[in-house]
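These notes are about the structure you will find just below.
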Amino acid sequence: MAGLPLPIAGGASTKVWSATINGKNQQCIIKEHDLLLDVLRDGLGSLGTKRGCDMGTCGCCSILIDGKPRLSCMTLAVEVEGRSITTVEGLSDGHHLHPIQTMFAECGGSQCGFCTPGFLVVSAALLDTNPEPTRQEAEDAIEGNLCRCTGYQQIVDSIMEASKMLTGIGGQQPTTRPASDPNPMFGG
Amino acid sequence: MTDLDDRDDVFEDLEVEPEVPEYKSKVGKKRFKTKAAKTIETEKSEIVGYRQQPGKLDFTRPGSGGSSPLSERRDPKMIPRSQGGELEQPWGPHRHDSLVTGRVIGKRTALIDSKWKVTGQAVYGDDVRLPGEIIGRLVRSDRHYARVLSVDVTEAEAMPGVLATATGLDAPSAFGVLPVTKDEHAMAIEKVRHIGDIIACVAAEDEATARIASQAVRVEYQDLDPIFDMRDGLKDSENPIHDRGVYHIGESNVQKRVFQRFGRISDIEDSVASYERDWTFKGVNHGFTEPHAVVAHWDPRGRLTLYTPQQVPHYVHRALADVLNIPMHQINVHRTYVGGGFGGKSDPFPHEMCAAILARKTGRPVRITFDREEVFWTNRGRHPSRISMAIHADEEGRFSGIETDALIDGGGFASFGHVTTYYNGVLHTAPYEIGAFHYTGARVWTNKPASGAMRGHGAVNSRCAVEVGIDDISEQLGVDPIDLRLANLLPPHSATITGFRVTSIGMRECLERVRKESNWEKKFRKMPLGKGIGVGCGFFISGSGLPIHWDPNKFPHATVHLKIDMDGGVTVHTGAADIGQGSDTVVGQAVAEVLGLPMDMIRIKSKESDTSPVDLGSYSSRVTFMNANAAVSAAMEIRSDLITAASSILDLDESKLVLGDRRIFSKRNPEVGISYLEALHKAQEDRGALVASGSYRTPPMGKMHKGAAAGLAPAYSFSAYVAEVDVDVETGSIKVEKVWAAHDCGKALNPLSVEGQIIGSCHMGLGQVISEEMKYGRTGNLLNPDLLGYKIPTVHEMPEVVPIIVESNDPEGPFGAKEAGEGPLLPILPAVCNAVYDAIGVRTSELPLTPDKLFRSIEKACSKKGISDPRDLPNPKLELKPLSKILKKRAKDHSSRDRKRRLDSSPEAYFNGQLFGQEPSNPPEENDPEWMVQVIPDKEYLENPKLAGSAWLHKERRHRRASE
């Protein structure tokens, strides 16, 4: 409520914090009560991780901690000190996108794109443990994420297509064309 | 050595053979011997010289379109029949047929910006980080309705780290999205009108300081009596929430009232079946995932750049100039990526003004980001409404009348309310031919967050009531609801009862497709208790006929600029706001198709008002229709330049040339042609970069009565859905199993996006029908301002949606296209309600259908029938009456009539009313003295008005003064 004082601890002590972000060991100075989401966005500049609802309901801030999906707005940064954190920026390898990223773009899994980073890391984690999920398993994996544009159907399609791509089923190769191709194949 | 020899040398050195002789070997002598090819051969040296001077570009390099001339340039499957292709045109030819190259339009195309989104590089409102950026926080009212006596910011300003504060005194000018109802201020001037209304703002070095400082602002209030029930808004009040001066309606809180009567109202009395019901709809929020955020920055030259996720940047631009009192050219509105809009980011917002004011005071960039709670307090969602719906049908199964009375709850501000009040009425008569239409509507202010525009603006709730009513009528008449609808549709190129000009109409095909695909005949009224199937239709505008700021300007609705320089890439400047629906993609597609280029060569610049032509923004489903039309006309200019250049190089008549994938070539002999780059460079020789501008404006349309412009559109979309549900009679919970969703979008320019819009609309509409509502408590508090309490369907609630695209090839749409963004939302609500009735025999009149509400209805139905166990409820059965056959025959006749009319290039006029014996070629009011067109209530009505109609009991102050 607007008039009630918010619980803001003024004098929290600061500390040096380090973790492996997208494979790279990074350090920054945080306050002990800082949320991981704030550290990622404001401290480390990982702006791909989005803030949607502040209370763990929308899943836009999803990240992977040691490969498992977690909500960074519900996690204190100090809890995950020294752990391995993957954000959406860590899914692609240089120009080469993760199959799930390619398929979200190709199959309409992303419309406005705000919830997309959350869906991407969650689905990437699913495909990591279960490269050939059923539609039901894919739906179960994204149940904690809200999307207002797509109605989820094209998101699940994207996951299924990415699975085909990863496993090579359906003639798809497990590699993708680079997103920003330095040698565009214009063909003619 | 002469120049000519020199050129020949160059030619030999490069060992590039002129293209024509090369074809000779490949395609054989016979085809080579065309007149054009001969000419090229004889003038070989000159042409080659022109193309291969030292320093000129090599036209065989990648991307030029120069090499492999025999590759498949055009997709014959996508080229319409009228142009000699293979694409069937059941709806006749289109004026853009000759522009089709068949490579981009109609193909599933990934959004042009999707790679930014999937890599996390897309910059949304809160992602704009400028050097030296500080944080702004808003001080919000904790009173429902109060006079603000004083605002004391001294304590806040004294805090270390606080850089500036601002109050209402800093920005006294009023603004609002509609010029006729400017009733908002950046910060409260005199009164606060709902909890969460903005009173002041502070800027500080970091967010924590800003939050603490915002709590240190002391506000002294004098409480006023708030109203929360929209019905109270109709009464006189001591302190009306706004004062509209001489235009104020009595002393009430009525913001807008509408009265409309069309047709033979007296004939309603002869009806044999009637549906009358009072509906209650709760307010719904857009629920976009990105909370509002804004960054304002004044550059060293004193210009303001406002970074904001906005659907309608132009209206913000205007409002900023008003509020900040600076000329518009000193402002650059930069639209960031928009994390979902759905109408909720289309007003100019107070927080955008606050950020600009704080940035002006501090000289630093200021960022304001909302918490989710603040998003709900800002709202602008769908209006809570009370709709009294009456539909009547005569013994021939015609809709003899629709009477609607809609009271809508506008909350604290006007927003789009004027338009919404009209849309609640005028958008639910079509696609049906009806005998009479009577609409009374009123929008009132209450002390709640303002309602505004939301996907399906104004049309959703009344459409739900109408379609459920038709379902009920069909049961009374003993006919199939789909048959009843099919026998009462308007034909193509007709006028609705309210005077809207309908061009293409694919309603019949939508209904027939869903009937077939859902296996309707086998399921309707034939499934066991708890399983049901229902149908619903929709109708929506494709672009608003008049721009919001129409008076006094006569600017075009949409403008697109194109620029092509040496590199061959096309820069498209458009002001259309891509909010995730894919407008950038569709504008790019239109350009790519006309110029025969792949999408990689198109780059869209649509973000900044500095570089984009004025565009009215993403509302009323106007972008595809208007901007793609403007893009096509701009691209046609460039296309004609290219063809002229190619024609002069090839010495072929312009009319014989076509464009294909980066090549311009003879239609008959595709081998004879030149590359796109070559033609481009030739075209550029005189004046450098090619630039072109195209615009779109709507044709003159509509009737002349007051309010006739509301709901006018250059085209309308149609949709029909069938939903299958599973209702648990013991708990009242609904599971929607499957939805067959047919939508007539004219032509799917990007089927991937159209399907995405259809499925997404189902999701949003489904939310409103099963779970979503803005809950206000007894004392007017918003109880669920968060995404946990505000229940957006998750993946588990979503049914399987089968999107069915119907293409009716609109004569005025770009390549035949109409809208697909809002219309698809309308039918899902009534389809689910009707399916629930089919499943358990309980009609509802209150949304959302949460389990508790539905269970109460089930209990009521049980006690009425004297059944103790809800599992014994009888579900409805259908006994077809003889009328059914008459309707089937009429539908068949109309179907062939419609087919004739849609293929007729200049069909005779058809005005609503023929079905009722009126002369179709004249407006019925001109033939029939009893056919009413009335927009002011008469005394007789005012003696016994309906709920919203009672708003007309008040007198506007200006009229009162005159009479006193």
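Just the heavy atoms: all of them, side chains too, but no hydrogens, waters or symmetry mates, feed the values below. Below, chains carry the letters A, B, ... as their sequence lines are ordered, and counting in each starts from 1.
B:Tyr790 touches chain A through its side chain: at least one heavy atom from C-beta onward sits under 4.5 Å away, while N, CA, C and O do not. For A:Phe114, the parts lying near chain B are the backbone and the side chain together; criterion is any non-hydrogen pair under 4.5 Å. Heavy-atom distances place both the backbone and the side chain of B:Val801 under 4.5 Å from chain A. Interface residue B:Met798: only side-chain heavy atoms are found under 4.5 Å from chain A. Contacts of A:Cys149 with chain B are made by both backbone and side-chain atoms, with heavy-atom separations under 4.5 Å. Residue contact with chain B, scored on non-hydrogen atoms closer than 4.5 Å, involves the backbone of A:Thr150 exclusively. Only the backbone of B:Pro799 comes within less than 4.5 Å of a heavy atom in chain A; its side chain stays farther off. With a threshold of 4.5 angstrom between heavy atoms, A:Asn145 does not approach chain B through any atom at all. With a 4.5 angstrom heavy-atom cutoff, A:Asp38 does not touch chain B via any of its atoms. Heavy atoms closer than 4.5 Å to chain A are found nowhere in B:Gln121, neither backbone nor side chain. Interface residue B:Ile792: backbone and side-chain heavy atoms are both found under 4.5 Å from chain A. Heavy atoms of B:Gln757 lying under 4.5 Å from chain A belong to its backbone as well as its side chain.
Rounding to the nearest 0.5 Å places SG of A:Cys60 at 9.5 Å from CD of B:Glu290. In this structure, the separation between OG1 on B:Thr119 and NE2 on A:His95 is 12.0 Å, given to the nearest 0.5 Å.
Residues forming a ring-ring contact (aromatic ring centres under 6.0 Å, His included) with B:His292 (at least two apart in sequence, or on another chain): B:Phe288, B:Phe349, B:His351, B:Phe370.
The greatest number of non-hydrogen atom pairs below 4.5 Å with chain B, out of A:Arg51, A:Gln153, A:Arg148, is found for A:Arg148. Of all the listed residues (A:Thr49, A:Ile155, A:Val156, A:Leu146), the one sharing the greatest number of non-hydrogen pairs under 4.5 Å with chain B is A:Leu146.
The backbone N or O of B:Val118 lies less than 3.5 Å from a partner atom in the side chain of A:Gln101, making a donor-acceptor pair. A distance-only check finds a donor-acceptor pair linking the side chain of B:Tyr124 to the backbone of A:Gly113 [under 3.5 Å]. A:Asp54 places a side-chain N or O within 3.5 Å of a backbone atom of B:Arg372 that can act as its donor or acceptor partner. Of the possible donor and acceptor atoms, one in the side chain of A:Tyr152 sits under 3.5 Å from a partner among the backbone N and O of B:Pro793.
Residue B:Leu783 places its CG atom among more than 12 non-hydrogen atoms of other residues, nucleotides or ligands, all under 6.0 Å distant. Counting heavy-atom neighbours within 6.0 Å of A:Lys68 NZ, excluding the residue itself, gives a total of 12 or less.
The heavy-atom pair separating A:Gln154 from B:Ile759 by the smallest distance is CG-CD1, 4.2 Å. Nearest heavy atom pair, residue B:Asp127 against residue A:Leu47, reads O-CD1, 3.6 Å. In terms of heavy atoms, A:Cys112 sits closest to B:Gly339 at SG-C, 3.4 Å. Closest approach of A:Ala105 and B:Ser114 over heavy atoms only: CB-OG, 3.3 Å.
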Query - Audit row: B:Lys117, A:Gln111, side-chain contact (heavy atoms from CB on, under 4.5 Å) steps and yes/no - result: CA-CA 9 Å; B:Lys117 290 169 180 168; A:Gln111 280 185 30; over 6 Å; no
Query - Verdict with reasoning, A:Lys50 to B:Asp126, per salt bridge (charged side-chain N to carboxylate O under 4.0 Å, His left out) - result: CA-CA 9 Å; A:Lys50 304 298 181 198; B:Asp126 188 51; over 6 Å; no
**Report entry** Intermediate values then yes/no, side-chain contact (heavy atoms from CB on, under 4.5 Å), B:Lys115 and A:Leu97
**Finding:** CA-CA 9 Å; B:Lys115 295 282 165 71; A:Leu97 298 184; 3.5 Å; yes
Report task. Dump the intermediate steps for side-chain contact (heavy atoms from CB on, under 4.5 Å) on B:Arg129 and A:Asp42, then the final yes or no. Result -> CA-CA 9 Å; B:Arg129 302 293 160 111; A:Asp42 299 334; 2.6 Å; yes
Query - A:Thr57 vs B:Asp786, side-chain contact (heavy atoms from CB on, under 4.5 Å): CA-CA, chis, key distance, verdict - result: CA-CA 9 Å; A:Thr57 47; B:Asp786 55 70; 5.9 Å; no
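Between A:Lys31 and B:Glu207 there is no salt bridge, since none of the side-chain N atoms of the basic residue sits less than 4.0 Å from a carboxylate O of the acidic one.
Interface with chain B: from residues 72-91 of chain A, residues A:Val88, A:Glu89 qualify, criterion being any non-hydrogen pair under 4.5 Å.
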